[in-house]
Amino acid sequence: MRKRSTEARRSGGRQEGLEGGIAGVDLGDRTSDVCVIGEDGELQEEARIPTTRAGMERWFGGRRRMRVAMEVGTHSPWVSRQLKELGHEVLVAN
């Protein structure tokens, strides 16, 4: 059985204002892996992008607002700031 958050249950599974889904980012020194899950909980997209300001801008810029989760690390401070500036909700977890 798949668990859903209280917020997701209240909104019928929809995350308000997050039309682009939820992205998980595994930050690496040279490249980062991105996985996007849609509203239905299904895998929507996977990508490997350069861990550079330009690479983040190319992939995340112009996309619909999404929740982006990443682990704390060397690159998480600047990446999280950049993604917030692009309009995404960013969660950095230990």
Side-chain angles (χ1 to χ4, degrees):
M1 174 186 260
R2 201 167 24 179
K3 293 183 180 181
R4 294 189 333 181
S5 71
T6 304
E7 180 182 333
R9 284 193 298 269
R10 271 188 258 134
S11 63
R14 295 182 52 104
Q15 300 294 321
E16 296 302 317
L18 298 172
E19 303 86 10
I22 299 172
V25 181
D26 183 13
L27 293 170
D29 287 333
R30 295 175 191 250
T31 61
S32 296
D33 294 313
V34 182
C35 176
V36 179
I37 305 297
E39 288 182 6
D40 58 2
E42 297 295 321
L43 177 65
Q44 298 294 312
E45 187 175 359
E46 290 182 284
R48 178 164 286 159
I49 62 175
T51 307
T52 61
R53 292 186 188 283
M56 295 295 163
E57 173 74 34
R58 273 193 306 274
W59 204 87
F60 285 99
R63 288 183 177 259
R64 296 177 137 198
R65 186 170 189 270
M66 60 177 56
R67 179 172 292 150
V68 182
M70 66 186 71
E71 187 176 14
V72 171
T74 303
H75 301 290
S76 61
W78 70 264
V79 172
S80 63
R81 283 191 303 272
Q82 183 179 15
L83 297 182
K84 286 177 186 176
E85 289 170 5
L86 292 171
H88 302 290
E89 177 186 330
V90 181
L91 304 171
V92 181
N94 211 357

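The chain is numbered in sequence order, starting from 1.
Expressed to the nearest 0.5 Å, how far CZ of Arg48 lies from CD of Glu46 amounts to 10.0 Å. A distance of 8.5 Å separates CE in Met70 from OG in Ser32, rounded to the nearest 0.5 Å. The CD atom of Glu85 lies 13.5 Å from the CE atom of Met56; values are rounded to the nearest 0.5 Å. For the atom pair Leu86 CG and Phe60 CZ, the distance stands at 9.0 Å (nearest 0.5 Å).
Considering every non-hydrogen atom in both Val36 and Gly20, the closest pair reads CG1-O, 3.8 Å. Contact between Ser76 and Ser80 at its shortest, heavy atoms only, is O-OG, 2.8 Å. Trp78 and Thr52 get closest at one heavy-atom pair: CH2-C, 3.5 Å. Shown here for Ala23 and Met66, the closest heavy-atom pair between the two residues is CB-SD, 3.6 Å.
Using modelled atom types, one finds no donor on one side chain facing an acceptor on the other under 3.5 Å when comparing Thr31 with Thr51.
No single ILVMFWY cluster, assembled from side-chain heavy atoms under 4.5 Å apart, contains both Ile37 and Val92. Hydrophobic clustering (side-chain heavy atoms under 4.5 Å, transitive across Ile, Leu, Val, Met, Phe, Trp, Tyr) groups Val25 together with Val72. Residues Leu91 and Val79 are members of separate hydrophobic clusters, defined by side-chain heavy-atom contacts under 4.5 angstrom among Ile, Leu, Val, Met, Phe, Trp and Tyr.
Counting heavy atoms from C-beta outward, Asp29 and His75 have side chains that approach closer than 4.5 Å.
Within 6.0 Å of CD on Glu45 lie more than 12 heavy atoms contributed by other residues, nucleotides or ligands.
Without hydrogens or angle criteria, Gln82 side chain to Arg53 main chain gives a donor-acceptor distance under 3.5 Å. Although no hydrogens or angles enter the test, the distance criterion places no donor-acceptor pair under 3.5 Å between the side chain of Arg65 and the main chain of His88.
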